[in-house]
Structures are given as C-alpha cells and as structure tokens.
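Note that ligands are numbered from 1 as they come in the structure, with each ligand's atoms numbered from 1 the same way. Please read all numbers here as calculations on a predicted model, not as lab measurements.
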Amino acid sequence: MLVLGIESSCDETGVALYDTERGLLGHAVHTQVAMHEEYGGVVPELASRDHIRRLVPLLRGVLAQAGVEKTAIDAIAYTAGPGLAGALLVGASFAAALAKALGVPALPVHHLEGHLLSPLLSRAAPVFPFVALLVSGGHTQLMCVAAVGAYELLGESLDDAAGEAFDKTAKLLGLGYPGGPALAALAARGGTGGFRLPRPMLNSGDFAFSFSGLKTAVLTAVRERTLTEIEKAALAWEFQEAVTDVLAAKSFAALTYCGLKQLVVAGGVGANRRLRERLDQLAAGKGLRVFYPELELCTDNGAMIAFCGAQRLLAGAHAVGSGAFAIRPRWPLHELSGA
Ligand code: KG4
Ligand code: ZN
C-alpha cells in the first residue's frame, strides 16, 4: 500500500510517500523559517498562503524521487490537527481534492501521533510497548504507548511547552526565530559557570512539567545587567541544562513507573544534542534504550504523517472517501481513539 502524507499544520510544508512493503520512498519539506524570521514568529496568514504555493511542486518532486506516478497512490494521509486552522485547511483540502481525483481514500491524521510514531521509521526502531517523551513547540507530554492508538497520558506541561520555552528564552537572549536550534548553538559555546537556574517540578513526584518560571528566571538575569556574549552563552547553557535535567529525570521515572525499558523521544526538541547526550548517558549500563527519529524527521515533516496514516489503515481505520474533510486545530492526543 502506497500512502501519500501531507503535513501543513504550522510553518513547514511536508510531502512524503511511504510504502508499507518498501518503506519511505521519498520525502520533501519546505520550511518557512526565512519568511517568518523578520516577524520573530509564525504569521498564520503568510503560512497558509505559502503552503498553497509549495504543495504541488513538493508533490511533483517526491513522485519523481520515488519514481512513481500519482496513480500508484493508494491512500492519502493528511494532518487534520492540532495546528493553525488556515494552514491545516490548505493541506486538508489539497488531500481531499487529490484523493477524490484519484479515487482513493483520504485519512485525517493527528500531528502528535505522527511525531510519536516517527521513531518507528528509523533503522533501529523500538517495539511496543514503550514510554514516549513528546517535546515539540506546542507540547511536552510523557506517554505510555502500548500499540498504535493506545496512548496513556502520564503527564504534561502545565504551562509552556519545552520548545516554546526554548523559543521564548532565545528571544530574551536576542536570538532569532526559531529559537530552539539558535539557543542550542549558543549554549554549545557556553559551559558551566556563573548562572544557576531552577529545575522546575523536578521533585514533584508526578509527570507534570512547568517551564514558564525558567523563562522568567532568564528574564531576571538578562534585566539585572548587560551580559557579555560569553555570559549569554553560559546562561543559554544553564537553561538547556535545566530543561534537559527535568525532561531526563521524569522520562526515566516514567520508565520505572510503567515497568518498561524503551524510551522514545519525538518532536522538535528531540533534535537537541544535549538532551540526547543526557538521555543516552542515563540509559547506559541499565539495560534501558532510548530511540529517536532520524534528525531530519524530528521537526515537522510529511514522512511521519504518511507512516502514521499507513499504520492506522493497516489497523483498519476508516478513511474519508467522498471529498469531505475536517480539521481540528485543538485536538488533545488522549482524545484520539484506537484504530
Ligand atoms: O515538532 P516541531 O517541529 O513543531 C511542533 O509541532 O511544534 O517542534 C518545533 C520546536 C520549536 O520550538 C523549536 O525551537 C524546537 O522544536 N527545536 C529545538 C531544536 N530544534 C528544534 N529545541 C531545542 N534544541 C534544538 N536543537
Ligand atoms: Zn510538530
């Protein structure tokens, strides 16, 4: 079964072809980072318009990459939510129209489920059940994953998501958008010394997170006096350490709580090298393993949507075939039912 995946929930247009027998045949992402940069964040209307411009050329490119005709597509999976309404509508209507023209079903996919299952696309993939740490721009969640569609939420952020905290802190330090990679790059030039930030909710005894206080602590440090570049790097390092400490400690506590040995990390913040280093260090020698998506599949992409759609269809999910489509800009993952 050949599944076309369409992702357009925020500022990346992603298109991919996943074959249930042969694996990922092609994928392409266009990022709008350069376009939104001058505004310091995503401008929803610009995002929607750009998705419209990109989808057809991206699809042509991916078909050529895979060496298949569009008539070979058996089903189309598209991100139906959560995300920006206008941006989601572009992908959803494109998927529905193409599905109707080709006479194939269209399947709405939950963006976070796409992230969650994306490590299964790696060569070294985990097997069910596992604990998943989902760390993106909008979500920080720990989940116990028993199978496709069987997700038990253990805890989540009470305020800012980890990625959001990275982005906001980066802004405070005068870095550009998107802040996560920029802050990580600055932190790499930092190192210990000078600053000590809190580890919010480290000992709360549950799987909840809170990152907004950390951002405020950085703001206080920045306001106190003008920081040198070296001090800014040290502050970025300490911020990254604080976030990483909390994410790592709670992820391993979740493994113990669930009696599992595999941790899966997904979402944009999963690209953070320091986080990966810490998790791998903690897992070493304890019979525990940490799995990540390929680096290029950490941030938004069509491959995870195609793959997720394929898994859902294999599990017997019903797809919409009439040209109808629906989006759900707000859609908590735990409301997602099994296939
Ligand atoms: O999963 P994603 O691409 O989009 C959402 O679904 O939100 O995640 C984007 C988030 C942004 O907040 C971005 O700053 C963060 O992931 N991010 C990083 C890194 N790369 C991306 N955060 C920390 N370190 C990174 N290397
Ligand atoms: Zn995402």
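Of all the atoms in ligand 1, the ones that sit under 4.0 Å from a non-hydrogen atom of G138 are 7 (O). Less than 4.0 angstrom separates some heavy atom of G137 from each of these atoms of ligand 1: 5 (C), 7 (O), 8 (O), 9 (C), 10 (C), 12 (O).
Under 4.0 angstrom from ligand 1, there are no non-hydrogen atoms of H139. Residue-level proximity to ligand 1 for R273 is absent, since no heavy atom of it falls below 4.0 angstrom.
Atom CG of L219 sits in a crowded spot, with more than 12 heavy atoms from other residues, nucleotides or ligands closer than 6.0 Å. Environment of OH in Y177: crowded, with over 12 heavy atoms of neighbouring residues, nucleotides or ligands closer than 6.0 Å.
Every N/O-N/O distance between F166 and ligand 1 stays at or above 3.5 Å. Taking distance alone, with nitrogen or oxygen atoms compared against 3.5 Å, H111 approaches ligand 1 more closely than that limit. Between H115 and ligand 1, an N or O atom pair is found at a separation short of 3.5 Å. Of the N or O atoms in G163, one or more lie within a sub-3.5 Å distance of an N or O in ligand 1.
Taking the side chain as every heavy atom from C-beta outward, R312 and L336 approach each other to under 4.5 Å.
Of the angles at the Zn ion (ligand 2), the one spanning OD1 of D300 and NE2 of H115 is 90° when given to 10°.
When each of E335, H111, H110 is paired with R328, the side-chain hydrogen bond (donor to acceptor under 3.5 Å, both in side chains) condition holds for E335 and for no other. With K215 as reference, D160 is the one residue of D159, D160, T169, D167 to meet the side-chain hydrogen bond (donor to acceptor under 3.5 Å, both in side chains) rule.
Not a single N/O/S atom of C10, whether from backbone or side chain, sits less than 2.8 Å from the Zn ion (ligand 2).
The backbone N or O of V131 sits nowhere less than 3.5 Å from a side-chain atom of Q262 that would complete a donor-acceptor pair. Formation of a donor-acceptor pair under 3.5 Å by the R274 side chain with backbone atoms of A184 is not found in this model.
The cationic atom of K250 (NZ for Lys, CZ for Arg) lies less than 6.0 Å from the six-membered ring centre of F209 and within 45° of the ring axis.
Distances from ligand 1 to the non-hydrogen atoms of C10 include no value under 4.0 Å.
The residue from L295, V243, D11, D300 that puts a heavy atom closest to atom 2 (P) of ligand 1 is D300. Taking only non-hydrogen atoms, the option from G268, S9, G270, A184 nearest to atom 16 (O) of ligand 1 is G268.
Closest to atom 22 (N) of ligand 1, if we only count protein heavy atoms, is G180 CA, 3.5 Å.
If you look at F239 and F195, their ring centroids are not closer than 6.0 Å.
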